[in-house]
Each structure stands twice: as structure tokens, then as C-alpha cells.
Amino acid sequence: MHDKAALLLVALLLVLGPWLIWRIPAVRRVAPLAVVQILGGVLLGPTALGRAAPEWHAALFGSQVLGALGGLSTLGVCLYVFCSGMHLQGPALRDGIRRLGAPAVGSMALPLLLGLGAGMLMAAWWPEAVGPRASLPAFATAVGICVAVTALPVLAAILQEMGLLATRLGQSALALAALNDLALWLAIALLLALAQGDAGATLRTGGMSLLWMAAMGLGVRPLLRRMAARAGTPAGTILVASLSVLFAAAALAEAVGLGLIIGAFAAGTVMPPEWRGALLARMEPLTAAALLPFFFMTTGLRATITPDSLAFLGLLGLVTAATVVGKVAGTAIPARLAGESWRDALALGALMQTKGLMEVVVLAVLLDAGLIAAPAFSALVAMAILCTVLTTPLTRLVLASRIGIIPDPVPAERHG
């Protein structure tokens, strides 16, 4: 098959196929669009298409097509993480720390600790899951971070579908997820800096990272604020300036060893509040519909989900149990001690184990850094799908006795 025709056919399958499946009411009730797209990427990879029709798989994914997919994937994930950074609002984060300090710490700390334990067990029982560049502490920390992830944008979509977005419970869940996202990226940046392999490299990476963060916080942020304060800035100028900051921050973060995804996320957090609404309205729908599916595809090509393998099922069961127990208990117990009812506290815990796309992005970073290997990557991708699908029924189960029948979902196509 001609490479350009193959690329366009893959694009058609990635963009249209998952959306058509998601439009089925029964699917919409249990899975956000992002989950269906992740599954689509997995099914087009070696897990399904590669096994069922290897000749079609080889024809679709030649070397030039794979190269093009990689470039589009990088662009899509940079734009997505940039938008995720813009979703974090400083005043809301500060208010969340004051109101939800204990649940915020618990929702990150307990899953992280259980994930560390799961990582130790994985390294002992399935050493092939450990990345080629990872020490035992680095691998266990990487698994702990994956278990502790909560996806902010897809959580917002789930809350909207359940009619809870504007409620006190929904707003508390979003504040907790925002605090989790912030802690997540700080933890990943620290882990990547410490995983350089020798003290000299770690010090260089740490020093360059501090300079980069200072430039973003003390240079770029005030400059953008001054630009935003000037009335009448054309929309095109705002878009070009924002994209320039995004690509420069991502390139410099990649150069100093932090990784382009952390750079893109940081670029989103320094955008002026006055610009964010218009930028998200212009960039987020196109990124979600046209570019993110290529990231799902490259993820699917790297994941091999084998439900007939005892090793795979063992890995999946271990990380899923650590996630559900860690997130639900780590959120619910502190929330109950802070005065929430048991139902609201447990509902918060059920909502906080949402993974979505953010988990897949984190996994790609850790796989590229050599901290996890393919078996762990595949099991954690499957865990991300499973936990996100479980979020809505678990939350409905907890809340049903208090609010009766929750209204039918209002479909939302936000990603996380």
C-alpha cells in the first residue's frame, strides 16, 4: 500500500472509528471518548490487528508511516498537555489546598506507597517488567507515580455526564484532581532528574532544570502577563505567542533532560488567565479530534495486552488493586475525618481513581526514559482503561441511596 494512502487510512480509522463506537448509547454511559480512543489504538496494534491480520498490519504500518505517526503523536501530546496545564487555575488550587489539604495528601500519598510496594513485587516476580535504565527504587517509584495519577480533564467529562459537575462533590473532586496533577508532574520531573545514572549527570540535570524553571516563572510568565494586560491584542498574535512559548519550553525541557511533556505542561501553567478560555476553545477540540488519536495509535503499537497470559493478568491485578484501594481509601478516610459524610467521601475516592489519557501520557514518558519495560507498560495501559471505565458505576453505586436515580448522562467529549 502507498505510504501516503496508508497514513490517511490510519487517520480515518483513528478519528472516525472510535467516535462512531462512542456514539452508541450503551458505550457512552460507561466510557468517555478518550477511553474508546485508547482502546482503538490498542486494537490496531499487535494486540488485535497484528495477531488477526498480520499482513494488513504490516501494510498499514510501514517504516515511513510509523515515522509520520511518531511526529504527529509528539505534536498531539504536546498540545494536549499544554491544554491540561491551562486547566489548572491558581486561585482554585490555593482554595483547594485550604479546604482539602488532608484528602489531597491522602489521595496522592497512599496510592504512591501502595504503588511502591506493587513495584517492588513486580520487580521480584516479573523482572522483565523493569526498564533497562531503572534501578529497583527508580522502577518502584515509577510504578507508584502511575498508581497515583488522576486525570483532570476526563474526570470533568465524567462529572458532566453524571450531572455532578456543578455540585459541591464535583467541584471538590476537580480541585483534588488539579492538586494531584501538579504533584504528579513535580514527582516525574524529580524522578527523571534522579534517574540520569550518575551523580554528575543528576547534578547537571538538576541545575539546568532549576534555571529552566526560573526562566519560565520569573521571565516568561511576567512577560506574558504584560502582553495580556494590553487591550486589543489580536487573536492571531495571542495564538502565535502561546504556541511559540509551548514549543520553546518543550524543546528546552527536552534538552536539559526533563522531557518535552513536562515543558509543554509548564508552558500551559504560565499562560495568562485572560488568554486561557479563548486558547482552549481554539486548540482543545482540534487536538482531541485530529491529533491525539495518533498518540493513541503509537501507544497501541507499543502495548501488547495478552489476557491469556498469567504474568500479564498478575501484573494487571496487582496495579489495579493498588490503584482502587489506594485512591478510594486514601481520599475517603481523610475526607471523612475532615467532616464529609461517608457517601461523599467514598464518592470522592471512586472519582479520584479515574486515569484516562493522563496515565497513558505518563506511561509513555516512563517507557521512553527506560524506567519501565514493555510488560509493565502494557499492564499499566490496561489498568488505566479498566479504572476509568469503573469510575462511573462505582460512583453511582456509592451515591444511589442518597440521591436516588442519577440523571441520564449528558455526553461530553473532553479528554483526560
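Position 1 is the first residue of the sequence; numbering continues from there. Scope of the values below: all heavy atoms of this structure, side chains included, with no hydrogens, waters or symmetry mates.
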Exercise. Between the main-chain N or O of Thr269 and the side-chain N or O of Arg276, is there a donor-acceptor pair closer than 3.5 Å?
Worked result: yes
Exercise. Are the side chain of Thr167 and the backbone of Leu164 linked by a donor-acceptor contact shorter than 3.5 Å?
Worked result: yes
Problem set entry | Note, Val36 side chain near Val27 side chain (heavy atom, < 4.5 Å) | yes
Exercise. Is there a donor-acceptor pair closer than 3.5 Å between any side-chain N or O of Arg336 and the backbone N or O of Ala345?
Worked result: no
Exercise. Side chain to side chain donor-acceptor pair (under 3.5 Å) with Thr391: which residues, sequence neighbours excluded?
Worked result: Gln353, Thr354
Exercise. Thr306 side chain to Ser309 main-chain N or O, any donor-acceptor pair under 3.5 Å?
Worked result: no
For this session: Kindly indicate whether the side chain of Thr74, heavy atoms from C-beta on, has any atom under 4.5 Å from the side chain of Phe295.
Result: no
Exercise. Where the side chain of Ser378 meets the backbone of Thr304, is there a donor-acceptor pair that is under 3.5 Å apart?
Worked result: yes
Exercise. Taking only residues two or more places apart in sequence, or in another chain, which ones meet Thr298 in a side chain to side chain donor-acceptor pair (under 3.5 Å)?
Worked result: Ser73
Problem set entry | Approximate separation, where rounding is to 0.5 Å, of Trp185 CH2 and Met358 CE | 6.0 Å
For this session: Please indicate whether Leu310 has more than 12 foreign heavy atoms, meaning atoms of other residues, nucleotides or ligands, lying under 6.0 Å from its CG.
Result: no
Exercise. Hey, does Ile262 have a side-chain heavy atom less than 4.5 Å from the side chain of Val81?
Worked result: no
Problem set entry | Those residues that, when tested against Thr392, pass side chain to side chain donor-acceptor pair (under 3.5 Å) (two or more places apart) | none
Exercise. Should the heavy atoms of other residues, nucleotides or ligands under 6.0 Å from CE of Met213 be counted, would the total exceed 12?
Worked result: yes
For this session: Look up atom CG in Leu315 and atom CE in Met122, then write down how far apart they are to the nearest 0.5 Å.
Result: 4.5 Å
Exercise. How long is the span from the CD1 atom in Ile145 to the CG atom in Leu366, to the nearest 0.5 Å?
Worked result: 6.5 Å
Exercise. How about His57 and Leu301: do any of their side-chain heavy atoms sit closer than 4.5 Å?
Worked result: yes
For this session: Any chance you could measure Met120, atom CE, to Trp125, atom CH2, to the nearest 0.5 Å?
Result: 13.5 Å
Would you give me the side-chain donor-acceptor pairs under 3.5 Å for residues 323-333, sequence neighbours excluded?
| residue | atom | partner | partner atom | Å |
| --- | --- | --- | --- | --- |
| Thr323 | OG1 | Val319 | O | 2.8 |
| Lys327 | NZ | Ser107 | O | 2.9 |
| Lys327 | NZ | Ala148 | O | 2.7 |
| Lys327 | NZ | Thr150 | OG1 | 2.9 |
| Lys327 | NZ | Asn180 | OD1 | 2.7 |
| Thr331 | OG1 | Lys327 | O | 2.8 |

Exercise. Side chains of Met86 and Glu284: closer than 4.5 Å at any heavy-atom pair?
Worked result: no
Exercise. Sub-3.5 Å donor-acceptor pair from the side chain of Thr388 to the main-chain atoms of Ala384, do we have one?
Worked result: yes
Problem set entry | Leu39 and Ile385, any side-chain heavy atoms less than 4.5 Å apart | yes
Exercise. Who passes salt bridge (charged side-chain N to carboxylate O under 4.0 Å, His left out) against Arg226, sequence neighbours left out?
Worked result: none
For this session: Scan for side chain to side chain donor-acceptor pair (under 3.5 Å) pairs involving residues 235-262, sequence neighbours excluded, and state none if there are none.
Result: none
